[in-house]
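Since the structure comes first, as structure tokens, the remarks are kept for the end.
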Amino acid sequence: MASTSAQAAGVTDAMVSGDATSTGDVLTVGMGQSGQRFSPLTKITSDNIGDLVPVWSFSFGDEKQRGQETQPLVYNGKMFVTGSYSRIWALDTKTGEKLWQYEARLPDGIMPCCDVVNRGAALYDNLVIFATLDAKLVALDQDTGKVVWSEKTDDYKAGYSATAAPLIVNGLVVTGNSGGEFGIVGRVDARDAKTGKLVWSRPTVEGNMGYLNGKENGITGKLNASWQGDQWKTGGAATWLGCTYGADVDLIFCGTGNPAPWNSHLRPGDNLYSSSTVAISPKTGKIVWHYQTTPHDGWDFDGVNEFIPFDIKSGNKTVKAGAKADRNGFFYVLDRTNGKLISASPFVTKQSWTKGVDLKTGRPIEADTRPGNPGSAEKGSTVFSAPSFLGGKNWMPMAYNQGTGLFYVPANEWGMDIWNEPITYKKGAAYLGAGFTIKPLYEDYIGALRAMDPATGKIVWEYKNPAPLWGGVMTTAGNLVFTGTPEGFLKAFDAKTGKEVWKFQTGSGVVGQPITWEEGGEQYVAVASGWGGAVPLWGGEVAKKVKSISQGGMLWVFKLHKSQTAAK
């Protein structure tokens, strides 16, 4: 737990670096810079969780009750939680009392692709920093909620927005951008966390110029190597889910989104660095390595999903690895030092777009299921493809348990009818060139929480859910895995067996990210509840199946019943 003197000095780089092992606070989204979402706490276990009860709840209020995908942060007796429509609150961790509230004044005309969500904030010094839907980054005083600095990151009128939680790395606040469906250019920016001053900027579309301390810092990749003509100027590849950090290799890992437009016939080539993981040096702002999961993406598979550093045994050696459950349906394990592919294993039951991954080249072996070229016609030939563009796993983060050695992946089983259409770029307009209808693959379930063994690529256990899973996962040394469901439940499972051991009805769909921490000798669990996100907006036949789910905006906090904690 942080000391009183450290707390008085504010959140330091050392505290951020140690967040994964510090139990008295939660300073980063991902519960540590690596994003493992693992807690060493053991007071709540798979044996006593039946005594987990609500302590307090907090309403996000008014009519803005949708899409609460946030993860709370905890520090110095305060909880900081963001909400839809670019809002943030500071709450007393013991009582839930509101200490202050900040609400961004959003202009008319913002263009968030996939709901008005916000996925969390970052803490540094005495600041709490979060992004807004009009493409700004705002730093507030933790004690008062007053604005300390505010920086415009890009032009919302061109389709830029921001929904991801920032990442703190050695005094820098690292952010991505959103807007790939509008033909923006994906980018990773690093600013001085105390002042907001831009230090470096790295585009994720090949051919665009990077900057370091206001000076040109080399273009990304090589001009026209994988993009024709001027297409790199509107190439998409948004970094809309943010990044993780591997301190031992000093690399920032960021996923990149779909190339623009979706109609792949209009942009021949691999279209680097879309649908990839890129590793960036925090000192230079340059890409050190990349791995492209879906070259020449024609299905909107993106590649933004989190890359989580972990160590894996290979014979007598320990390999510095990283894992990613991609929207294209493969669970990838890479060498985090150089991006070399170690393994690629399906974590969904159907992948019609590919016959597998060539482990020598690292490239997918594409099947003949790319939607047809419309040419000058109204639309090209329609194909059925699985997974759907909402992915075998979308944004909702998985978790890694250091005790079991398993990753817990929130997966979905759905496919889509997809076709291409002619499209031309227009600033601020949707830049898709495709149509689609999403359909569930099975009658009895869509969502599946799956425990993946990264050493074998096998599914160890699974929990099937009737509705799609769209919330984050957390795991603990107490042999527990937590996640939420659209039906409104926060659930806990035995981390080794997958047995459901506890659930609580929150009143709305849970698409938030659970956390746990220790305070006053007791372990707490918290999660935001409030249905929304991309499924009800883009889900087609699936959206019809979940249309009766109530929207909401609540934060729930739990701990063991007094009789249980007193017996400890």
Side-chain angles (χ1 to χ4, degrees), residues 109-114 133-135 152-164 175-189 201-211 216 218-241 254-276 278 287 290 292 294-304 327 370-371 373-376 380 389 418-436 538:
I110 58 171
M111 292 177 280
C113 148
C114 308
L133 287 168
D134 57 343
K152 176 182 175 181
T153 61
D154 225 304
D155 180 10
Y156 73 88
K157 294 179 181 178
Y160 286 88
S161 57
T163 57
T175 56
N177 60 9
S178 302
E181 274 61 53
F182 297 94
I184 58 90
V185 172
R187 201 175 67 245
V188 180
D189 291 340
S201 181
R202 175 51 52 192
T204 52
V205 176
E206 189 173 50
N208 287 275
M209 180 62 70
Y211 292 88
E216 291 187 350
I219 66 169
T220 297
K222 185 178 179 182
L223 182 63
N224 293 137
S226 63
W227 295 85
Q228 291 189 350
D230 288 342
Q231 292 180 332
W232 54 275
K233 295 180 179 180
T234 54
T239 50
W240 57 264
L241 194 52
C254 306
T256 67
N258 57 281
W262 287 16
N263 182 346
S264 61
H265 300 281
L266 296 177
R267 43 170 175 78
D270 282 354
N271 310 132
L272 292 175
Y273 291 86
S274 67
S275 302
S276 301
V278 294
I287 296 174
H290 79 278
Q292 190 171 38
T294 313
H296 196 213
D297 185 357
W299 304 270
D300 186 37
F301 282 152
D302 271 34
V304 296
R327 267 167 67 164
R370 190 176 289 270
N373 185 356
S376 59
F389 76 86
I418 182 171
W419 59 91
N420 284 326
E421 301 167 347
I423 189 74
T424 55
Y425 173 76
K426 181 181 178 181
K427 180 180 176 180
Y431 192 41
L432 298 185
F436 46 81
W538 296 69

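As the structure is a computational prediction, the values presented were derived from the model and not from experiment.
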Just do the side chain to side chain contact (heavy atoms under 4.5 Å, CB included) check on Glu181 and Trp262 with the steps written out, would you? CA-CA 8 Å; Glu181 274 61 53; Trp262 287 16; 3.1 Å; yes
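- Met209 is not listed as a side-chain neighbour of Ser201, based on a closest heavy-atom distance of 4.5 Å or more.
- A heavy-atom distance below 4.5 Å is not found between the side chains of Cys113 and Trp240.
- A side chain to side chain donor-acceptor pair (under 3.5 Å) with Ser275 is found for one member of Thr256, Asp270, Asn258, Asp297 and no other, namely Asp297.
- A donor-acceptor pair is defined here as one N or O able to donate and one able to accept, closer than 3.5 Å; such a pair exists between the side chain of Thr239 and the backbone of Asn177.
- Aromatic ring orientation, Phe389 versus Trp538: perpendicular (interplanar angle above 60°, classes split at 30° and 60°).
- Under a 3.5 Å cut-off, the side chain of Tyr156 and the backbone N or O of Pro112 do not form any donor-acceptor pair.
- In this structure, the side chain of His265 does not engage the main chain of Pro374 through any donor-acceptor pair within 3.5 Å.
- Nearest heavy-atom pair, Trp299 versus Pro371, reported as atom, atom and distance to 0.1 Å: NE1-CD, 3.9 Å.
- By the 30° and 60° cut-offs, the orientation of the rings of Tyr431 relative to Tyr425 is perpendicular.
- Within the 3.5 Å criterion, the main-chain N or O of Leu272 finds a donor-acceptor partner in the side chain of Ser226.
- Glu206 has its side chain out of reach of Trp232: every pair of non-hydrogen atoms, C-beta onward, lies at least 4.5 Å apart.
- Taking 4.5 Å as the limit, some side-chain heavy atom of Asp155 sits within range of a side-chain heavy atom of Lys427.
- In this structure a side-chain-to-backbone donor-acceptor pair under 3.5 Å is missing from Asn271 to Ala260.
- Salt-bridge formation is detected for the pair Arg327/Asp300: a Lys NZ or Arg NE/NH1/NH2 atom is positioned less than 4.0 Å from an Asp or Glu carboxylate oxygen.
- Applying side chain to side chain donor-acceptor pair (under 3.5 Å) to Arg187 and the options Thr175, Asn208, Asp154 leaves one that passes, Asp154.
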Between Thr220 and Ile287, does the side chain to side chain contact (heavy atoms under 4.5 Å, CB included) criterion hold? Intermediate values first, please. CA-CA 8 Å; Thr220 297; Ile287 296 174; 3.9 Å; yes
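- Once rounded to the nearest 0.5 Å, the distance linking CG of Asn263 with CG of Leu432 reads 10.5 Å.
- Residues Ala430 and Phe182 approach most closely at N-CD2, 3.8 Å, considering heavy atoms.
- With rounding to the nearest 0.5 Å, the separation of NE2 in His290 from SG in Cys254 is 14.5 Å.
- Listed for the Gln231 side chain is a donor-acceptor partner under 3.5 Å among the backbone atoms of Leu266.
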